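Beneath this line is the structure, given in structure tokens, with notes to follow.
No experiment lies behind these values; they were computed from the predicted model shown. Numbering of ligands and ligand atoms starts at 1, following listing order. Excluded from the calculations below are hydrogen atoms, water molecules and symmetry mates; all remaining heavy atoms, backbone and side chain alike, are included. The chain is numbered in sequence order, starting from 1.
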Amino acid sequence: MSRLTIRPEIKDGESLSSYLMRACRANMVLYLDLLRHVQPIRSMDVFYRRSIRIDIMPQQKHDMKRLAMLIGQTEKSLFEMTYDSLRLKFNHYGLYFDESFLTLMPVLLESNKRKFCTHCLEENLGFQMLWQVRDIDVCFKHNVKLRTSCPICNHDQSYIHNNLGAYRCYHCENYLFSENQQFHEANEEYMHQRYDEWKYILDSKKRLFPGLVDGLDLQKTICITLIYILQLQLEESPTQYRYNLVSRLLRHDFLHSILRFINDQTSPQKVTFPQLMKILNKAKIRMIDFVEMKVPASYVNSIKSLKVQESVIRKCLSPWCITFEKSDALKEIPYTHFSSFKNQKFSNTSICVNCGIRYGLNMNTKQWLEIDTNIDLINNVVLMLWFDKSEKEIRISLDITYRKLYQALGYALRYNLLPDNKREIYMKYSQSDLDIIECFKELYSEATTITYKAQKWYGWHGIEFFYHFYNPVVQQYRWIEYTQKNKFINKQKVLKVQPHIEKTLNDILYLEEELTTKEIAASLDIEFINFQKYGFSKKVQEIKRQMQKQATESELFDKVQEYVKTMDQVRLSVFIITSGKAQMILRNPCLLWRIILPSSLL
Ligand SMILES: [Zn+2]
Ligand SMILES: [Zn+2]
Ligand SMILES: [Zn+2]
């Protein structure tokens with residue numbers, strides 16, 4: 001093949017493949033033929049002639065010197081139409097060498113279909129290199145949506161074909177601009193930002209990553225700068241790492257593994273370049289701001305000091321658990337990295353999936369502890385059962401609510417901790433034909449009065465409820481619930497005496513009027529402190545007064561009836577209770593009381 005005689009002008013921002021296809025068209029040469037002539041014999045595979053590689057890393061499969069000579073351009077100008085500048089930048093930082101660069105790019109670029117703007121093609125502006133970027137879908141110049149299919153026959157256009165140089169469809173051969181795209185109501189500002197971002201990334205003079213943080217390599221510098229810049233979006237010049245801020249912008253498990261990675265622990269997690277771009281883009285942070293960010297030393301130290309905490313010996317502390325003293329079955333409870341439970345702050349909160357007990361690092365004592373006091377509670381209850389104490393005796397001597405007692409009993413039943421004779425008694429609570437998981441799904445979607453609802457819907461006794469609750473599968477499900485965050489959001493919302501809660505309160509009190517406010521709070525699954533704070537206690541008193549009043553009234557009514565009966569017997573049938581009068585008495589027995597009752601009856 002000899003030099004091409006016609007040399008079309010290179011359009012601004014045009015990709016190499018676009019230019020080559022146009023040049024071939026102008027010289028009546030087939031693009032695939034041209035490429036065949038510049039491929040070394042050892043890699044004559046047709047695949048490469050049809051692929052986007054020519055725009056990503058052309059020198060890998062093509063003789064660039066020969067190609068430049070054939071089309072009468074300089075080698076440099078050919079490379080400028082490709083993503084090779086990005087490869088060189090990566091190489092400078094020691095990242096993504098050759099093969100890994102080739103596997104990285106398809107994550108960022110659409111590499112099968114050709115994207116185009118119909119207006120640009122009509123104006124003969126060539127196929128732009130940046131159109132293939134996945135997060136760019138609008139033409140910068142015309143603000144119309146880029147398309148991949150022929151407007152006439154709707155066939156998607158492959159990346160390379162012989163008609164593209166003439167802007168024609170490979171299938172129906174019509175011009176790809178035969179019908180122009182409607183103007184697109186795009187977020188113009190956002191799209192311009194994406195273009196600017198990519199121009200910055202491809203600019204060989206611009207840095208791609210921030211300068212190294214003292215004592216850290218590039219990967220760790222990237223990680224720590226990313227965490228810092230995210231926190232900076234929510235807090236002015238932070239000096240300390242704060243989990244609850246960063247976790248709003250970064251998935252919690254991702255964040256944890258990055259932290260472990262920074263602190264040299266066995267975590268393979270690094271932030272890949274596409275991940276970095278995606279996170280920055282989502283948080284609306286420009287690449288240049290990221291690159292120029294300097295993380296203050298105090299912030300770096302606060303992340304390094306996490307190492308001490310992270311290496312805490314996490315283990316299960318329940319003596320009856322099959323993974324006692326081991327961490328195998330501990331699962332971290334998300335969104336509770338630093339959480340308060342009963343005024344104690346815990347970090348690294350975890351739940352053992354084998355025994356359902358929650359643990360955490362107590363921030364005051366720096367000890368790995370159980371979060372609740374269930375282990376002691378269960379131990380004590382079981383011990384007293386061995387001494388044949390009744391439920392009532394246990395409740396009184398341990399000074400616990402019914403709910404707590406049932407919780408311990410249900411737990412002990414589930415984990416086979418009961419003495420044999422008691423086991424027989426409680427056995428009945430472990431038999432249910434219901435699909436337990438489905439029941440709990442239903443209960444959790446209610447989210448407020450779980451134990452109470454379980455009794456109402458499934459007829460579960462408190463012990464039965466906790467027996468099922470501590471089913472490992474239910475615990476797993478609960479864990480998933482936590483991860484979906486729903487429960488926490490719901491809980492915030494219900495702290496108001498809403499009509500349905502008032503009704504539930506009523507129902508509870510009518511069933512069991514001896515209940516203390518504390519117990520009611522527990523059965524509604526509301527912290528006692530909130531129970532008082534949000535007016536539940538007041539409501540309970542109100543309902544109790546109402547009930548008292550009704551009780552007194554019905555008691556009086558009984559006495560009235562009694563009196564009337566006595567009167568009847570002595571044949572003083574002055575008051576015959578007709579239905580009308582009975583109703584009157586029902587409505588206002590006090591009145592009647594005052595009028596007719598002799599003082600002897602009081
Ligand atoms: Zn355009
Ligand atoms: Zn077509
Ligand atoms: Zn355990």
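Note: angle at the Zn ion (ligand 3), from SG of Cys355 to SG of Cys321, is 110° (rounded to 10 degrees). Cys352 contributes SG and Cys316 contributes SG; the angle these two atoms make at the Zn ion (ligand 3) is 120°, rounded to 10°. Angle SG (Cys117) to the Zn ion (ligand 1) to SG (Cys139): 110°, rounded to 10°. Considering the Zn ion (ligand 2) as centre, the angle to SG of Cys153 and to SG of Cys169 is 100° (10° rounding).
Expressed to the nearest 0.5 Å, how far CG of Leu86 lies from CG of Asp203 amounts to 11.5 Å.
In this structure, Arg314 contributes its side chain and Thr349 its backbone to no donor-acceptor pair below 3.5 Å.
Distance check for His155 against the Zn ion (ligand 2): none of its N/O/S atoms falls below 2.8 Å. For the Zn ion (ligand 2), the set of nearby N, O or S atoms under 2.8 Å includes one belonging to Cys172.
Side-chain rings of Tyr167 and Phe127 approach one another, their centers coming within less than 6.0 Å. Aromatic pair Phe140/His192: ring centres closer than 6.0 Å. In this structure, Phe440 has its ring center at least 6.0 angstrom away from the ring center of His468. Not less than 6.0 angstrom separates the ring centroid of Tyr467 from the ring centroid of His461.
Taking the Zn ion (ligand 1) as reference, the nearest N/O/S atom within His142 carries the name ND1.
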